[in-house]
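These notes concern the structure reproduced below.
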Amino acid sequence: MITIQLKPKKEDSILRFHPWIFSGAIAGISGKAQEGDLARIVDCNRDFLGIGHYQIGSIAVRIITFSDEDIDINFWKNKIRLAYLMRKRLGLVDSRPTNAYRLVHGEGDNLSGLVIDIYNSTAVIQAHSVGMHCVREFLAKIITEEIPNIKNVYYKSENTLPFKANLNFKDGYLIENQIDCIAKENDFLFNADWLAGQKTGFFIDQRENRSLLEHYAKNKDVLNMFCYTGGFSLYAMRGGAKSVHSVDSSERAIVLTDRNIELNFANDSRHTSFCQNAFNFLENIDGKYDLIVLDPPAFAKHRDALKNALQAYKRLNAKAFKQIKNGGIVFTFSCSQAVSKEQFRLAVFSAAAQSRRTVKILHQLSQAADHPVNIYHPEGEYLKGLVLYVE
Ligand code: SAH
């Protein structure tokens, strides 16, 4: 293990349990540091602060423990057990209606750099740091031993690991027994496409927000923009919507949406999907819809893109506000970590003002509970949503 000493006064955030150390805080590194190495962090007096994974970049260390302990198989076992116990207490484990949930949510589970999603009998591991990449085999073994009914572990990190690390690996199964890609969310069946889909295959973080939409859908003409796998559309259908239109610019997303609608509402003529760019589709929807979902991809992947992203949120929301029927409801989201709750709300506020409609906030939404925010790491609050009533 290498040792990293911090500059004077740079230990404050670590003493407040923030799990990142930025490269500018480092005074010196003992030993030949390689990306992914375990690093023991000490302050300027060489007092222990934590242990983390070293990486090359502006975030130089991701802390995985603030205790002076061995990082062995028992350490990882204990972390997975704690994460599992929390999901069990949330009622997500052994639940009859739902067998898709997030088992590990990075910093939210004190495992910076690691995401694990469960889809029925398959766990999908996604590493965001080389340190987590190095322990993937350990993790796969622990998951199948500790979590009942997990038969397969798929590793999907080609797009999330730093490309400069040059690791030369391919996504694939670490453990493969009996593959079943159909999972369940609140009694809906859906295809979890971890092989080719975005993220780990499905957006589990919207589960609770989709349930809220179901509650508002009765007799409504619903427009689900950026539908991806059609999650919100399924709930709108069950909620008794008059019609549901799903829009996405990706052909693959439309195939997934159609497949999921077919799985749950075969031959139901209320649903139509459109493979089209959202901004074009929204040119001409005046007075057609009473419920509109806007769940675009992260417009700002980095801080540099922030200004353009806020403009895009404003444009998008203004189009919905201007054209929604009187007494309509807009579910609007931002999943950009670089956009704060306040910035997003300001963009939506500007859009409302531009439309000159009366707009009231009914709900303020976030990610589902199995994507917890570590109180010491507010950056983890990435999904922001507003439900608005438009007169
Ligand atoms: N609401 C979805 C998740 C949306 S992910 C759910 O509940 O699962 C964002 C989606 O936006 C992706 O499927 C992507 O293909 C789509 N997308 C990106 N840019 C787009 C654009 N300009 N117009 C329409 N769809 C777009």
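Along the sequence shown, the residues carry numbers beginning at 1. All ligand and atom numbering here is 1-based and tracks the order in the structure.
- Listed by number with element, the atoms of ligand 1 under 4.0 angstrom from any heavy atom of Phe232 are 7 (O).
- If you check which protein heavy atom lies closest to atom 22 (N) of ligand 1, you get Asn277 ND2, 3.4 Å.
- Under a 4.0 Å heavy-atom criterion, Ala278 is in contact with ligand 1.
- Summary of contacts: the protein heavy atom closest to atom 13 (O) of ligand 1 is Asp248 OD2, 2.6 Å.
- When only non-hydrogen protein atoms are considered, atom 18 (C) of ligand 1 lies nearest to Pro297 CG, 3.5 Å.
- In this structure, Phe203 has its ring center closer than 6.0 angstrom to the ring center of Tyr228.
- Neither the backbone nor the side chain of Phe202 has a heavy atom within less than 4.0 Å of ligand 1.
- Atom 2 (C) of ligand 1 has its nearest heavy-atom neighbour, among Phe190, Phe226, Phe203, in Phe226.
- By the 30° and 60° cut-offs, the orientation of the rings of His105 relative to Tyr382 is tilted.
- Listed by number with element, the atoms of ligand 1 under 4.0 angstrom from any heavy atom of Ser250 are 15 (O).
- Polar contact with ligand 1: present for Ser249 (N/O pair, distance under 3.5 Å).
- Cation-pi contact between Arg357 and Phe321: absent, since separation from the ring centre below 6.0 Å together with deviation from the ring axis within 45° is not met.
- Taken from NE2 in His133 to CD in Glu35, the straight-line distance is 10.5 Å, to the nearest 0.5 Å.
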Exercise for the section: Evaluate ring pair (Phe, Tyr, Trp, His ring centres under 6.0 Å) for His245 paired with Phe281, printing each intermediate quantity in order. Expected result: CA-CA 11 Å; His245 290 173; Phe281 191 92; 7.3 Å; no

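- Short contacts between ligand 1 and Tyr228, defined as distances under 4.0 Å to a heavy atom of the residue, involve ligand atoms 2 (C), 3 (C), 4 (C), 8 (O), 13 (O).
- Aromatic ring centroids of His271 and Phe265 lie 6.0 Å or more apart.
- Residue-ligand proximity: Arg252 is placed with every non-hydrogen atom at 4.0 Å or more from ligand 1.
- Contact check for Thr65 versus Ile51: side-chain heavy atoms found under the 4.5 Å cut-off.
- Two rings, from Tyr235 and Phe188, have their centers less than 6.0 Å apart.
- Closest to atom 1 (N) of ligand 1, if we only count protein heavy atoms, is Asp295 OD2, 2.7 Å.
- A ring-centre distance under 6.0 Å is found for Phe333 and Phe232.
- Of the candidates Lys199, Gln198, Arg210, Gln206, Arg210 brings a heavy atom nearest to atom 7 (O) of ligand 1.
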